[in-house]
Amino acid sequence: MLTSPLALAQPEKSVQTEAGAIAIETVVEGLVHPWGMAFLPDERMLITEREGRLRILSKDEKLSDPIEGGPDVFNRGQGGLLDVALHPDFASNRWVYLSFAEPGEDGASTALGRGRLEEGKLEDFEVIFRQEPKVDEENHFGGRIVFSGDETLFFTLGERFLFDPAQDLSNHLGTIVRLNHDGSAAADNPFIDQNDARDEIWSYGHRNIESAALHPDTGELWVAEMGPLGGDELNRPQAGKNYGWPEVSWGKHYSGEEIPDPSENGEYANAVKQWTPVISPSGMIFYTGDKFADWQGDMLIGGLTEQGLVRITLDGEEVTNDERIPLGVRIRDVEQGPEGWIYVATDEPDGKVMRLRTLDD
């Protein structure tokens, strides 16, 4: 049986779930708003801190000094260093991908960059994609990175709290883009070579997506999207589809002003599921391990407002169960460990990574 990549601790508490009680334990603390996690092939963990630091957590739970060679970030509001992901061929090319809010004279943009991890440093880091235009606004950066199985990746981009540009294909605001691994537009994207549309766009009319993952069986992208006052959405984004923001939404404006429901207008793609009250989704995986046998194939979504995990079971595109797993803290990211346990990062000034495991491990 595989052992943990990180040293076991005595569980601090247990939580009852539909599959039985699970143990919750702290792996590392003292992180400043951790945002993204990724396991290296040697079972160490990369962790981003929103302020701009990338760190490595060793198998014996020692946290490295900040890794040199990363980008300068726009560390204001919701901006900063965001997601981290490994190239599918990381073992041979050593590419680490980072998303971040990039500062500029005219504001900030959500950017994607990559560098080679060599001897504890990022070498030759370069920005390979920038959201256009830059915006003088501190919210809704999106920033999740998801590699697909066809030499491309998906990158989620918030509408930067500007509303209407999410319906304008001439910019990247409120979109999901599909890129080649070098940051160029995928050749078969739906708006490629269309006048007044960005070649990189896969889908549009989104608000702010911080949860995204590929279905392990179908290879399709799923996302959970933050709504306004109510109306968080679970979507399976499809090429060229318009998801309606801000013209339609299952929520209301913060002022209380009503927004037409997506079901009232067939021009827009409707959500698979909506949450009112909101869960504020951030981080997502499809669980494929064997430690939680009852959860295999299920979706686990981090909840900021929910302060825990949301477990979703699917039958095709139909949601058949929505379980809440309370953790008592804002969850920014979710990751499955090499041994099949579940790791979550907490969104706090004194943040931590916690591990969920079965009580008999």
Side-chain angles (χ1 to χ4, degrees), residues 35 77-78 82-83 139-144 146 154 156-163 166-167 173-176 203-213 215 220-238 241-265 268-286 298-314 317-327 329-334 344-347:
W35 211 97
Q78 297 171 0
L82 306 174
D83 206 8
N139 296 316
H140 294 189
F141 289 89
R144 288 296 174 193
V146 179
F154 294 101
T156 70
L157 301 169
E159 43 71 279
R160 303 299 306 283
F161 211 60
L162 294 183
F163 301 88
Q167 289 294 312
L173 305 182
T175 68
I176 297 172
S203 61
Y204 67 110
H206 300 289
R207 186 171 182 269
N208 190 33
I209 300 172
E210 296 181 3
S211 298
H215 193 289
E220 293 174 319
L221 179 70
W222 286 75
V223 302
E225 180 168 351
M226 294 186 184
L229 187 62
D232 287 351
E233 295 183 0
L234 179 65
N235 284 308
R236 184 177 65 85
Q238 295 178 301
K241 292 291 183 69
N242 181 353
Y243 288 80
W245 179 255
E247 298 300 320
V248 297
S249 173
W250 286 108
K252 301 178 181 180
H253 289 298
Y254 290 132
S255 65
E257 179 185 354
E258 297 284 346
I259 307 172
D261 291 343
S263 58
E264 297 175 9
N265 190 325
Y268 305 108
N270 202 351
V272 174
K273 177 181 175 60
Q274 66 96 6
W275 290 277
T276 300
V278 299
I279 62 171
S280 304
S282 187
M284 175 198 289
I285 62 169
F286 282 91
D298 293 351
M299 187 185 298
L300 298 174
I301 302 170
L304 296 166
T305 302
E306 183 64 28
Q307 296 199 0
L309 287 180
V310 178
R311 182 177 70 90
I312 297 294
T313 61
L314 295 170
E317 292 186 27
E318 180 184 355
V319 172
T320 57
N321 192 31
D322 176 346
E323 180 186 6
R324 310 302 172 90
I325 302 170
L327 300 176
V329 66
R330 289 165 54 90
I331 301 301
R332 177 64 72 184
D333 198 19
V334 188
V344 297
T346 70
D347 180 45

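Computed over heavy atoms, backbone and side chain alike; hydrogens, waters and symmetry mates excluded. Remember, predicted model here, so these are calculated numbers, not experimental data.
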Report the C-alpha distance between L327 and Q307 in whole Å, list the side-chain angles of each, state the deciding distance to 0.1 Å, and finish with yes or no for side-chain contact (heavy atoms from CB on, under 4.5 Å).
CA-CA 6 Å; L327 300 176; Q307 296 199 0; over 6 Å; no

So, the side chain of [X] versus the backbone of [Y]: is there a donor-acceptor pair under 3.5 Å, distance only?
{"X": "N242", "Y": "G244", "value": "yes"}
{"X": "D333", "Y": "G283", "value": "no"}
{"X": "T156", "Y": "I209", "value": "yes"}
{"X": "T276", "Y": "G231", "value": "yes"}
{"X": "E225", "Y": "R207", "value": "yes"}

In Å and rounded to the nearest 0.5 Å, what is the [atom1] to [atom2] distance from [X] to [Y]?
{"X": "H206", "Y": "L173", "atom1": "NE2", "atom2": "CG", "answer": "13.0 Å"}
{"X": "I325", "Y": "I331", "atom1": "CD1", "atom2": "CD1", "answer": "10.5 Å"}
{"X": "F141", "Y": "F161", "atom1": "CZ", "atom2": "CZ", "answer": "12.5 Å"}
{"X": "I279", "Y": "I301", "atom1": "CD1", "atom2": "CD1", "answer": "5.0 Å"}
{"X": "Y254", "Y": "L229", "atom1": "OH", "atom2": "CG", "answer": "7.5 Å"}

Check whether any side-chain heavy atom of [X] sits under 4.5 Å from a side-chain heavy atom of [Y], and report yes or no.
{"X": "R332", "Y": "V334", "result": "no"}
{"X": "H215", "Y": "L221", "result": "no"}
{"X": "P228", "Y": "I259", "result": "yes"}
{"X": "H253", "Y": "F163", "result": "yes"}
{"X": "V344", "Y": "L309", "result": "yes"}
{"X": "N235", "Y": "Y243", "result": "yes"}
{"X": "L234", "Y": "Q274", "result": "no"}
{"X": "M284", "Y": "M299", "result": "yes"}

Does R236 come within less than 4.0 Å of E317, counting only side-chain N to carboxylate O?
yes

Residues K252 and E258 bridged, charged N to O under 4.0 Å:
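Yes.
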
Does NZ or CZ of R144 lie under 6.0 Å from the centre of the six-membered ring of F154, at an angle within 45° of the ring axis?
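Judged by the rule (NZ or CZ under 6.0 Å from the ring centre, within 45° of its axis), R144 is not positioned above F154.
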
Are more than 12 heavy atoms, taken from residues, nucleotides or ligands other than K241, located less than 6.0 Å from that residue's NZ atom?
no

CA sep, side-chain torsions, deciding dist, call: H140, L157, side-chain contact (heavy atoms from CB on, under 4.5 Å):
CA-CA 8 Å; H140 294 189; L157 301 169; over 6 Å; no

Smallest separation among heavy atoms of [X] and [Y], with atom names:
{"X": "D83", "Y": "G143", "result": "CB-O, 3.3 Å"}
{"X": "G142", "Y": "W35", "result": "O-CH2, 3.6 Å"}
{"X": "L82", "Y": "Q78", "result": "CD2-O, 4.1 Å"}

From D347, T346, T305, residue fulfilling side chain to side chain donor-acceptor pair (under 3.5 Å) relative to R330
D347

Would you mind telling me which of T313, I285, L314 makes a side chain to side chain contact (heavy atoms under 4.5 Å, CB included) with D298?
T313

Name of the residue among W245, W275, W250 meeting side chain to side chain contact (heavy atoms under 4.5 Å, CB included) with E233
W250

Under 3.5 Å side-chain donor-acceptor pair for T320 and E318:
no

Under the side-chain contact (heavy atoms from CB on, under 4.5 Å) criterion, do E210 and M226 qualify, and how do the steps go?
CA-CA 8 Å; E210 296 181 3; M226 294 186 184; 3.5 Å; yes

V223 and S211: CA distance, side-chain angles, deciding distance, side-chain contact (heavy atoms from CB on, under 4.5 Å) verdict:
CA-CA 5 Å; V223 302; S211 298; 5.9 Å; no

